[in-house]
2 protein chains.
Amino acid sequence: MPPLTPTGRVILGMIALGSQTGYDIKQLVDKSTRNFWAASYGQIYPELRRLEEQGLIEGQSDPRGGRARTVYELTAAGQAALSGWLDATGDPSFEVRDEGMLKLFFSDIGTPDQRIRNLRAMRHSHQNTVAQLEQLDVNADHMGTGPKLTLELGLGLHRAIVEWCDAAVQRLLEEKNDHRDANQHRDASQHSDDD
Amino acid sequence: MPPLTPTGRVILGMIALGSQTGYDIKQLVDKSTRNFWAASYGQIYPELRRLEEQGLIEGQSDPRGGRARTVYELTAAGQAALSGWLDATGDPSFEVRDEGMLKLFFSDIGTPDQRIRNLRAMRHSHQNTVAQLEQLDVNADHMGTGPKLTLELGLGLHRAIVEWCDAAVQRLLEEKNDHRDANQHRDASQHSDDD
DNA sequence: AAATGCATGTAAGACGTTACATGATTTT
DNA sequence: AAAATCATGTAACGTCTTACATGCATTT
């Protein structure tokens with residue numbers, strides 16, 4: 001028996017949480033886990049096939065009107081596979097690919113202005129994420145403990161990044177001003193940031 | 001002209017920072033960016049070829065003794081491509097795949113103990129990362145502003161995750177105790193955590 | 001003499017996104 | 001009547017990791 005693929009895990013989990021169709025799964029992933037574990041249709045539908053072949057899920061046709069629709073549920077083997085994964089010890093995989101940080105890393109190559117623009121772009125995208133998560137947070141009452149915890153952690157992290165970006169920009173601007181003031185006396189006006 | 005590939009960017013950047021060989025690049029990536037942008041030999045060497053074909057870098061054979069060795073440097077076009085990327089506006093890509101959080105999200109499926117074990121596993125792996133970054137931090141004097149900033153942000157983030165995991169575990173344990181105390185009176189001993 | 005580090009590379013496969021295509025149902 | 005939502009799927013492509021293979025140079 002091949003081990004659960006990465007996408008296989010999300011799918012089993014989402015079906016366990018009540019998702020029925022491939023479409024359903026995608027909706028739920030986009031609403032809940034996409035910030036730390038995304039999935040696309042191009043992965044989901046083929047993977048549903050494989051999981052059924054492996055006997056971990058079972059689907060049956062359940063059309064709504066003239067519209068084809070396949071409803072899936074976990075088999076006993078599927079529940080076992082899911083539990084086995086959740087119970088497995090050993091460090092969980094963790095990967096980040098952050099273009100903003102990469103640019104920041106290389107930012108000595110460019111101008112100080114470029115660096116600040118980049119920090120503002122980072123700030124902006126993480127602030128977006130915060131706003132999305134805050135939307136979800138309003139119905140935290142109807143959530144299980146797991147989803148509540150991940151939401152809380154996500155909010156905390158993205159907020160921390162936003163705040164750090166703000167602080168970094170401010171520090172860089174002050175350094176720039178210090179440097180300018182040390183050379184000669186001119187005026188500069190400060191910007192105000194949206195939020 | 002095809003746009004810079006993801007790995008192409010790191011390679012150009014690392015060469016700009018002074019890396020000379022493919023081996024060099026890999027070493028530097030592993031020491032500096034791998035927590036937010038990794039690269040493997042399987043990507044690096046083929047990509048060096050492509051970048052040379054595109055005229056963005058130029059390599060020349062520079063053996064050390066009987067050992068083959070190719071030293072690369074940026075061409076003018078390569079510097080332009082790198083600057084163009086660093087200067088580009090529009091939100092930078094940002095992706096996370098965090099198995100620990102995914103398990104946490106699904107943790108209502110398992111037992112409370114499983115959830116706590118999972119949180120401890122997360123804590124452990126992020127604490128490892130913190131330790132690695134602290135090693136790098138000791139020679140922060142010799143770093144440019146960019147590397148210093150990414151190091152600082154990385155440290156802050158991973159430390160925040162460690163702390164959040166600790167707090168979450170504690171909260172969950174307290175809830176468990178409250179629940180137990182509400183039913184009947186027994187004793188439980190607390191664990192002590194390594195660090 | 002052995003182990004570690006320097007240095008280069010490839011092949012196979014795993015994983016993933018994007019873009020496209022199709023069509024029914026429900027809401028506006 | 002149009003737009004949004006539900007629902008399923010595929011093909012092409014891009015990207016990346018793992019595992020393997022090789023061999024010289026330096027340090028222990």
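Just so it is clear, the model here is predicted, and its values are computed rather than measured. Chain letters run A, B, ... following the sequence lines, proteins first and then strands; every chain starts at 1.
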Identify all pairs in which a protein N or O lies below 3.5 Å from an N or O of nucleotides 17-22 of chain D, and state each distance.
from   : atom 1 : to      : atom 2 : distance (Å)
D/dT17 : OP2    : B/Ser40 : OG     : 3.1

Donor on one side chain, acceptor on other, A/Arg69 and A/Gln60, under 3.5 Å: no
Residue pair B/Val10 / A/Phe106: nearest heavy atoms and the distance that separates them: O-CZ, 3.7 Å
5' precedence on DNA chain C between B/Thr70 and A/Trp37 (nearest-nucleotide basis): B/Thr70
Nucleotide N/O of nucleotides 25-28 of chain D paired with protein N/O under 3.5 Å:
from   : atom 1 : to      : atom 2 : distance (Å)
D/dA25 : OP1    : B/Gly66 : N      : 2.6

Any donor-acceptor N or O pair under 3.5 Å, side chains B/Gln132, B/Arg34: yes
Nearest-Å distance for atom pair NZ/P, residues A/Lys31 and D/dT5: 11 Å
Contacts table for residues 151-164 of chain A: side-chain donor-acceptor under 3.5 angstrom, sequence neighbours left out:
from     : atom 1 : to       : atom 2 : distance (Å)
A/Glu152 : OE1    : B/Arg171 : NH1    : 3.3
A/Glu152 : OE2    : B/Trp164 : NE1    : 3.0
A/Glu152 : OE2    : B/Arg171 : NH2    : 3.0
A/His158 : ND1    : A/His126 : ND1    : 3.0
A/Arg159 : NH2    : A/Glu134 : OE2    : 2.9
A/Trp164 : NE1    : B/Glu152 : OE2    : 3.0

Parallel, tilted or perpendicular, as decided by the 30° and 60° cut-offs, for the rings of A/Tyr41 and A/Tyr23: parallel
Smallest separation among heavy atoms of B/Asp91 and A/Ser125, with atom names: CB-CB, 4.3 Å
Minimal non-hydrogen separation, B/Pro92 against A/Glu99, with atom names: CA-OE1, 3.5 Å
Sub-4.0 Å heavy-atom contacts from residues 3-29 of chain A onto DNA chain D, ordered by number: A/Thr21, A/Gly22, A/Tyr23
Dot-bracket line, read 5' to 3' along DNA chain C, where crossing pairs take [ ] and | marks a partner on another strand, Watson-Crick or G-U under 3.5 Å: ||||||||||||||||||||||||||||
For atom CD of B/Gln60 and atom P of C/dT8, their distance in whole Å: 13 Å
Considering all heavy atoms, the nearest B/Arg9-B/Trp37 contact: NH1-CH2, 4.5 Å
Gap between atoms CG and P, on B/Leu51 and D/dT15 respectively (whole Å): 12 Å
Between D/dG9 (P) and A/Glu52 (CD): distance, integer Å: 10 Å
Beyond-backbone contact of B/Ile15 with B/Ile11, side-chain heavy atoms, under 4.5 angstrom: yes
Where A/Leu74 and A/Ala16 come nearest, the two heavy atoms and their spacing: CD1-CB, 3.8 Å
Whole-Å gap separating C1' (D/dT10) and CG (A/Leu48): 15 Å
Derivation and outcome, side chain to side chain donor-acceptor pair (under 3.5 Å), residues B/Gln43 and B/Thr7: CA-CA 7 Å; B/Gln43 283 284 305; B/Thr7 301; 3.1 Å; yes
All side-chain hydrogen bond (donor to acceptor under 3.5 Å, both in side chains) counterparts of B/Thr5, not counting sequence neighbours: B/Glu47
For atom CZ of A/Arg50 and atom C1' of C/dG16, their distance in whole Å: 11 Å
Least distance between heavy atoms, B/Leu172 atom then A/Leu149 atom: CD1-CD1, 4.4 Å
Stepwise side chain to side chain contact (heavy atoms under 4.5 Å, CB included) test for B/Phe105 and A/Leu17: CA-CA 10 Å; B/Phe105 181 81; A/Leu17 293 189; 3.6 Å; yes
Whole-Å gap separating C1' (D/dA7) and CD1 (A/Ile44): 12 Å
For atom CZ of A/Arg69 and atom C1' of D/dT5, their distance in whole Å: 14 Å
